[in-house]
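This report concerns only the one structure given below.
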Amino acid sequence: MPPPWLIELIRRAKTKSDPTPHRSIREQLARFGLNTVCDGASCPNRGSCFSRGMVTFMILGNTCTRNCKFCAVSHGRPQEVDPEESLRLRAAVENLGLTHVVVTSVTRDDLPDGGAGQFAAVIEGLHTIKGSPTVEALTPDFNGSYTALNTVLAAGPDVFSHNVETVPRLYPTVRPAAQYKRSMDLLAKAVKTARSGTVVKTGLMLGMGEERGEVAAVLKDLRASGVTMLTIGQYLSPSLWHHPVSRYVTPEEFNEWAYLARSMGFKSVASGPLVRSSYHAADYYREMQAGGDSMAVD
């Protein structure tokens, strides 16, 4: 059971402070048949994010080919790729007037390119909107395919993101189909290959059984790879059948991780109990673009 202070944070995050943008997002999602990771992963921030006009779209369906033990997204046999999805997503973004768009996907190991072509189509479509919103692409590992990675990067995302999620020792338990080195290599390759101005980002969860030294080692690896944006949040088990929570990290410890990460050279750090991969993504990206270093705790 989460401690009382965390339960209160979750309660506040679920509060719909402004129903108008929340209703608009729900209407557009329903109208265009779009998925969000906010719903798919049961994010505790979706009420407050939707109320602020923020949403993270999830493309390539809502069924993942992997079965990570921390994730609430459904897994199994996915549906066919929808060639019209990028057009519908573009229309929804334009109708909502979004200025920063985060796009992620389920993992599609069944596809030859891992879904990279669909990411590229979505990014390219978003860049044709008048005013051209900035685009953040949060991708799976594409089974380590640099060809797939280059397909996404060639479309010109403003932020390329891929989450390492946890420490290498826990990969066989919580990410059995993933590999720590493969994810780290993908991030390093993105740093080297991305166009000038593209920011590379990743995210970690704490509370799955990791040790402090292991987390520090991951941060060191990430900096060595060139990653500059980082999110660190509390793992919350979606159900009794998922990987259990080993501990609830205090806000004070999240502060410590934020300061350590900044001292190591990360330019943007969001660290707190309810921080997620796309947590206030637009705010942190704009702070970096304005030339300032950003660091926040939840």
Side-chain angles (χ1 to χ4, degrees), residues 5-6 9-10 12-13 37 41 43-45 48-49 52 54 56 70 100-102 104 134-139 157-168 170 180 183-184 186-188 190-191 194 197-208 210-236 247-298:
W5 60 265
L6 182 53
L9 280 180
I10 294 171
R12 292 178 185 175
V37 74
C43 179
N45 299 313
S48 60
C49 285
R52 296 184 61 201
M54 299 185 298
T56 298
F70 60 83
H100 184 86
V101 185
V102 184
T104 189
T134 49
V135 182
E136 184 168 324
L138 172 57
T139 78
D158 299 278
V159 180
F160 173 82
S161 183
H162 170 68
N163 290 335
V164 293
E165 307 289 13
T166 189
V167 302
L170 294 178
Y180 177 77
S183 285
M184 199 63 67
L186 191 80
L187 288 165
V191 170
T198 296
V199 178
V200 179
K201 176 180 178 181
T202 195
L204 278 168
M205 294 180 292
L206 303 183
M208 289 197 286
E210 70 289 332
E211 297 178 359
R212 290 182 67 95
E214 292 176 309
V215 177
V218 171
L219 297 186
K220 184 178 180 180
D221 288 346
L222 289 170
R223 280 303 300 131
S225 75
V227 173
T228 55
M229 292 189 78
L230 174 69
T231 63
I232 308 175
Q234 170 70 52
Y235 169 60
L236 297 173
R247 69 189 182 104
Y248 292 99
V249 181
T250 64
E252 291 76 19
E253 184 177 332
F254 277 112
N255 273 332
E256 293 171 7
W257 288 119
Y259 282 106
L260 175 62
R262 280 289 294 110
S263 72
M264 296 172 73
F266 288 94
K267 297 297 184 182
S268 174
V269 182
S271 177
L274 296 189
V275 167
R276 296 296 181 265
S277 305
S278 52
Y279 180 81
H280 292 192
D283 299 334
Y284 293 117
Y285 174 72
R286 287 170 187 146
E287 286 175 7
M288 285 192 65
Q289 293 303 103
D293 295 339
S294 63
M295 179 177 70
V297 293
D298 195 17

### Distance, nearest 0.5 Å, that separates CH2 of Trp257 from CG of Leu219
6.0 Å
### Message
Closer than 3.5 angstrom, by distance alone: can the side chain of Asp158 be matched with the main-chain N or O of Val135 as a donor-acceptor pair?
### Response
yes
### Those residues that, when tested against Tyr285, pass ring pair (Phe, Tyr, Trp, His ring centres under 6.0 Å) (two or more places apart)
His100
### Query
Looking only at atom types and distance, does a side-chain atom of Asn45 sit under 3.5 Å from a main-chain N or O of Tyr279, one as donor and one as acceptor?
no
### Task
Identify, with sequence neighbours excluded, every residue that meets side chain to side chain donor-acceptor pair (under 3.5 Å) alongside Tyr180.
Asp221
### Side-chain heavy atoms of Thr134 within contact of Val101, under 4.5 Å
no
### Message
Between Arg276 (side chain only) and Gln234 (backbone N and O only), is there a donor and an acceptor less than 3.5 Å apart?
### Response
yes
### Task
Tell me, please, which residues at least two apart from Met205 pass side chain to side chain contact (heavy atoms under 4.5 Å, CB included).
Phe70, Glu165, Met208, Tyr235
### Query
Hey, does Leu187 have a side-chain heavy atom less than 4.5 Å from the side chain of Val164?
yes
### Task
Please report the shortest heavy-atom distance between Ser225 and Leu222, naming the atom on each side.
OG-O, 2.6 Å
### Query
What is the minimum heavy-atom distance between Pro44 and Ala13, and which atoms define it?
O-CB, 3.4 Å
#### Entry: Reported CG-to-CG distance for the pair Leu274 and Leu236, which is rounded to 0.5 angstrom
7.0 Å
#### Entry: Heavy-atom check, side chain of Leu260 versus side chain of Val215, under 4.5 Å
no
### Message
Taking the side chain as everything from C-beta on, heavy atoms only, tell me whether Val275 gets closer than 4.5 Å to Ile232.
### Response
no
### Donor-acceptor pair, side chain of Asn163 and main chain of Gly203, under 3.5 angstrom
yes
### Task
Mind checking side chain to side chain donor-acceptor pair (under 3.5 Å) for Ser183 and listing every partner two or more places apart, or none if nothing turns up?
His162
### Query
So, for Leu230 and Ala261, which heavy atoms are closest and what is the spacing to 0.1 Å?
CD2-CB, 3.7 Å
### Message
Using 0.5 Å steps for rounding, measure from the CE atom of Met184 to the OG1 atom of Thr202.
### Response
7.0 Å
### Query
Quick one: does Asp283's side chain get under 4.5 Å of Arg52's, heavy atoms only?
yes
### Message
Rounded at 0.5 Å granularity, tell me how far OG in Ser268 sits from NZ in Lys201.
### Response
7.0 Å
### Query
Looking at side-chain heavy atoms only, is the closest gap between Pro168 and Val218 below 4.5 Å?
yes
### Message
Please enumerate all residues that pass side chain to side chain contact (heavy atoms under 4.5 Å, CB included) together with Thr104, with sequence neighbours excluded.
### Response
Val37, Thr56, Met58, Leu138
### Message
Going by salt bridge (Lys or Arg N to Asp or Glu O under 4.0 Å), name the residues that satisfy it together with Glu256, two or more places apart in sequence or in a different chain.
### Response
Arg212
### Message
Return the OH to OG1 distance between Tyr284 and Thr231, rounded to the nearest 0.5 Å.
### Response
9.5 Å
### Nearest non-hydrogen partners of Glu136 and Ser277, listed with the distance
OE2-O, 4.3 Å
### Task
Can you measure from CD (Glu253) to OH (Tyr248) and round to the nearest 0.5 angstrom?
15.0 Å
